[in-house]
Amino acid sequence: MDAYAYDVLDVPAEAGFAVLDRFPSADSTGPVALRGRRMQFLVAPGGAEELPGLLEWLEWGGIPLDLVPLNGREAACHHYASVWLRPPGPEGCLPALSLTAGAAGVGLAALVSALANACHRVRLLRYVPDQPCSFSYASRMVAGTRPRSLTS
């Protein structure tokens, strides 16, 4: 694969493994590499540039996530000493920004949504390890915080 024919979304490995569990097929995530404690999801060129706007659109704007976009040149510098978890295929299909997922698998918006969710869960568990990552009405009632719909 050409060194500049892709961008990278770099996340903590724990978040990356959660996303790989959610999308078990290699076709659904595109190529994925593990580099130490970080996981790198290769996406179509321009994906790194689209990330801030896409996170805002997905309502993740302003929330600190350990989700780092790398353009092709930056990605090539960071790609040494990586282990392929899902190697690039011969056709080179990468998640791209589109309205729907194509035949190649999941679109960039779905991948970013899953990565943001996983990164946020990792961050929450790191700072509050005893708190379950469940935001249901039942868990709020047990915690003593009533959902807004029950307080009005």
Side-chain angles (χ1 to χ4, degrees), residues 1-137 139-140 143:
M1 186 171 275
D2 181 21
Y4 304 120
Y6 60 88
D7 286 352
V8 168
L9 301 179
D10 185 76
V11 299
E14 187 177 351
F17 282 118
V19 171
L20 293 182
D21 285 344
R22 183 172 174 187
F23 299 111
S25 161
D27 293 338
S28 41
T29 60
V32 180
L34 180 65
R35 185 172 184 258
R37 295 180 147 177
R38 306 289 297 176
M39 197 170 290
Q40 299 176 330
F41 288 76
L42 277 64
V43 297
E49 185 179 336
E50 295 290 339
L51 184 65
L54 189 53
L55 286 172
E56 189 68 37
W57 181 74
L58 292 167
E59 299 184 356
W60 284 104
I63 298 173
L65 301 170
D66 193 5
L67 175 53
V68 181
L70 302 171
N71 66 32
R73 187 174 302 279
E74 294 169 327
C77 294
H78 284 86
H79 214 52
Y80 296 106
S82 295
V83 176
W84 287 111
L85 300 177
R86 294 186 177 170
E91 67 281 346
C93 292
L94 299 171
L97 192 58
S98 64
L99 296 177
T100 60
V106 72
L108 182 62
L111 180 61
V112 167
S113 178
L115 287 170
N117 187 33
C119 287
H120 189 60
R121 282 179 174 268
V122 166
R123 187 171 185 272
L124 286 176
L125 290 173
R126 190 174 294 150
Y127 292 109
V128 189
D130 298 332
Q131 176 70 32
C133 281
S134 175
F135 304 107
S136 67
Y137 284 157
S139 68
R140 289 182 180 188

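Each residue takes its place number in the sequence, starting with 1.
- Of all the heavy atoms in W57 and A109, the pair that sits closest is CZ3-CB, 4.4 Å.
- Rounding to the nearest 0.5 Å places CD of E50 at 11.0 Å from CG of L55.
- In this structure, W60 CH2 and L67 CG are separated by 10.5 Å, a value rounded to the nearest 0.5 Å.
- For R86 (side chain) and S25 (main-chain N/O), a donor-acceptor pair under 3.5 Å exists by modelled atom type.
- When all heavy atoms of P52 and A48 are compared, the closest pair comes out as CD-O, 3.8 Å.
- Inter-residue side-chain proximity for L115 and F41 is flagged as met; some heavy-atom pair is nearer than 4.5 Å.
- At a threshold of 4.0 Å, the pair R38-D66 counts as salt-bridged, since one of the basic side-chain nitrogens sits closer than that to a carboxylate oxygen.
- Note that CG of L51 and CG of N71 are 12.5 Å apart. Values are rounded to the nearest 0.5 Å.
- Counting only heavy atoms from C-beta outward, the side chains of H120 and I63 approach each other to under 4.5 Å.
- Side-chain atoms of D7 do not come within 3.5 Å of backbone N or O of P45 as any donor-acceptor pair.
- Summarising the geometry, atom OG1 belonging to T29 is positioned 10.0 Å from atom CG belonging to L42; distances are rounded to the nearest 0.5 Å.
- Between P24 and D21 the shortest heavy-atom distance is CD-O, 3.9 Å.
- Taking CZ from R37 and CD from E14, the interatomic distance works out to 10.5 Å, rounded to the nearest 0.5 Å.
- Among the candidates L9, V19, V11, V8, the single residue satisfying the side-chain contact (heavy atoms from CB on, under 4.5 Å) test with M39 is V11.
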Task: Derivation of the side-chain contact (heavy atoms from CB on, under 4.5 Å) call for R123 and L65 - done: CA-CA 8 Å; R123 187 171 185 272; L65 301 170; 6.0 Å; no

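- Atom CD of Q40 and atom CH2 of W84 lie 8.0 Å apart (nearest 0.5 Å).
- Counting only heavy atoms from C-beta outward, the side chains of P31 and P87 never approach each other to under 4.5 Å.
- Here the shortest heavy-atom pairing between A15 and C119 reads CB-N, 3.8 Å.
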